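Notes to accompany the following structure.
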Amino acid sequence: MEIFQVKDRLPDSEEPAILVIGKFDGVHRGHQYLLKRAKSFCKAGEKLAIVCFSPHPLWALKKDPIYKRAITPDVEKFRWLAHFGVDRVYNIGFTEKYAETSAETFIREHLNGLNLAHIVVGESFNFGKGRDSDVDLLMDLCGERSVPVTEIPFVRDGADHKVSSTDIRAALYDGDFAEAERLLGHPYFIEGDVRTENGTYLLTGLEEFVIPKVGKYRSFVDGDRAEVHVLENGEIRIPQPATHIRLQFDTI
């Protein structure tokens, strides 16, 4: 999978692509359905491409502490996007300046160098500066290039409640990993470096990940079952020495 870190205009490409636009924090069941539907539009020779954003816009613009940490920081997000069949990722660095980009600029200038066969977005999609930057405007702007747009309905958890990153965050903070995995559609992982302090082993460098509340949790440390302890400073005490690990919280 190709990954492009982008500030504004996406790099030119003559390869035909189906483009999906979204935040993709968690790459949860709703995102997976969106990717599956988008993949179904791909014809021979067409790539499945993603436009996503880092950090979360609510952290970049409002410094909302809930969104400072990600369910899937970039490395983890890219891993899951590749797993679900994405060929190319355009990861836009979201800033206050970028938030001033109009819908017209985004479509007519930032995406102008792509050979777009189709654009796929989720239900109630909004983009660009201004309250009217919705799916209808996206369709109008893409119509100028004869690029079809498809809006995919939410995946719902029950009759009226959509699967959302907000609910996944709440489950993770509460240490309810079974509920988080049910909504994610895949296990929850974190990854970091290990340092030794007074004979204990601490998983550090977790500032970008959603971390559960202080407590002891069952987990898999590099595939081996182990109990870990989340500390007040956000570090995690693990039972064995290592240099760098990927930890999966146990749902049993």
Side-chain angles (χ1 to χ4, degrees), residues 1-57 60 72-95 97-130 132-155:
M1 185 178 76
E2 296 180 285
I3 300 170
F4 298 89
Q5 300 291 350
V6 182
K7 291 184 178 180
D8 40 53
R9 191 178 189 277
L10 278 61
D12 293 354
S13 175
E14 295 182 358
E15 292 185 284
I18 307 296
L19 186 69
V20 188
I21 308 170
K23 292 186 284 292
F24 287 95
D25 187 19
V27 196
H28 56 58
R29 285 169 46 207
H31 299 140
Q32 293 163 37
Y33 180 67
L34 191 62
L35 295 174
K36 182 179 179 180
R37 288 293 306 275
K39 195 75 171 179
S40 72
F41 293 120
C42 287
K43 300 175 183 177
E46 293 179 345
K47 302 287 188 179
L48 178 58
I50 299 295
V51 166
C52 54
F53 308 91
S54 294
H56 196 290
T72 46
D74 285 352
V75 171
E76 194 68 20
K77 177 168 64 178
F78 299 155
R79 184 180 279 122
W80 284 115
L81 289 174
H83 176 77
F84 290 112
V86 174
D87 300 302
R88 183 177 297 141
V89 174
Y90 299 101
N91 193 48
I92 295 176
F94 199 90
T95 62
K97 180 180 178 181
Y98 188 83
E100 295 296 312
T101 303
S102 69
E104 289 81 3
T105 296
F106 179 71
I107 297 299
R108 293 172 179 162
E109 298 181 19
H110 292 187
L111 301 185
N112 188 53
L114 299 184
N115 181 7
L116 297 177
H118 205 126
I119 289 181
V120 180
V121 295
E123 183 179 338
S124 300
F125 173 77
N126 280 275
F127 70 112
K129 184 179 179 181
D132 295 328
S133 302
D134 55 11
V135 177
D136 288 338
L137 178 58
L138 179 65
M139 290 179 174
D140 289 343
L141 293 172
C142 290
E144 297 173 0
R145 295 172 57 185
S146 299
V147 176
V149 174
T150 298
E151 181 181 14
I152 304 298
F154 292 129
V155 170

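These numbers were taken from a predicted model, which means no experiment stands behind them.
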Identify the heavy atoms of [X] and [Y] that sit nearest to each other, and give their distance.
X: Gly85; Y: Leu48; answer: O-CD2, 3.8 Å
X: Pro11; Y: Val6; answer: CD-CG2, 4.2 Å
X: Leu137; Y: Ala103; answer: CD2-CB, 3.7 Å
X: Ile18; Y: Ala117; answer: CD1-CB, 3.9 Å

Residues forming a ring pair (Phe, Tyr, Trp, His ring centres under 6.0 Å) with [X], sequence neighbours excluded:
X: Tyr98; result: Phe94, His110
X: Phe154; result: none
X: His31; result: Phe24, His28

- Item | Test log, rule side-chain contact (heavy atoms from CB on, under 4.5 Å), inputs Asn112 and Leu10 | CA-CA 8 Å; Asn112 188 53; Leu10 278 61; over 6 Å; no
- Message: As an exercise, state the distance from OG of Ser133 to CG of Asn126, rounded to the nearest 0.5 Å.
- Response: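 Rounded to the nearest 0.5 Å, the OG-CG separation comes out at 7.0 Å.
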- Message: As an exercise, state the distance from CZ of Phe53 to OG1 of Thr95, rounded to the nearest 0.5 Å.
- Response: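 The distance works out to 11.5 Å.
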Strictly by salt bridge (charged side-chain N to carboxylate O under 4.0 Å, His left out), give each pair with a member in [range] just once, sequence neighbours left out.
range: residues 28-48; answer: Lys39-Asp87
range: residues 140-151; answer: Arg108-Glu144
range: residues 6-27; answer: Arg9-Asp12, Glu15-Arg88, Asp25-Arg169

Sub-4.5 Å side-chain heavy-atom contact between [X] and [Y]:
X: Cys52; Y: Val89; answer: yes
X: Phe4; Y: Asn91; answer: no
X: Leu19; Y: His118; answer: no
X: Ser124; Y: Asp134; answer: no
X: Ile50; Y: Phe78; answer: no
X: Leu138; Y: Phe127; answer: yes
X: Ile152; Y: Val121; answer: no
X: Val51; Y: Val20; answer: no

- Task: Answer yes or no: is there a donor N or O on one side and an acceptor on the other, between the side chain of Asp136 and the main chain of Met139, under 3.5 Å?
- Result: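 No: the side chain of Asp136 does not pair with the backbone of Met139.
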- So, the side chain of Gln32 versus the backbone of Val27: is there a donor-acceptor pair under 3.5 Å, distance only?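 Such a contact is found between Gln32 side chain and Val27 backbone.
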- Item | Residues Phe84, Leu34; criterion side-chain contact (heavy atoms from CB on, under 4.5 Å); working and verdict | CA-CA 10 Å; Phe84 290 112; Leu34 191 62; over 6 Å; no
- Message: The test is side-chain contact (heavy atoms from CB on, under 4.5 Å); show your working for Leu35 and Leu81 and say whether it passes.
- Response: CA-CA 9 Å; Leu35 295 174; Leu81 289 174; 4.0 Å; yes
- Do Asp74 and Ser54 pass the side-chain hydrogen bond (donor to acceptor under 3.5 Å, both in side chains) test, and can you show the C-alpha distance, the side-chain angles, and the key distance before you say yes or no? CA-CA 8 Å; Asp74 285 352; Ser54 294; 2.5 Å; yes
- Aromatic rings His83 and Trp80: how do their planes relate, parallel, tilted or perpendicular, breaks at 30° and 60°?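 Judged by the thresholds at 30° and 60°, the geometry between His83 and Trp80 is perpendicular.
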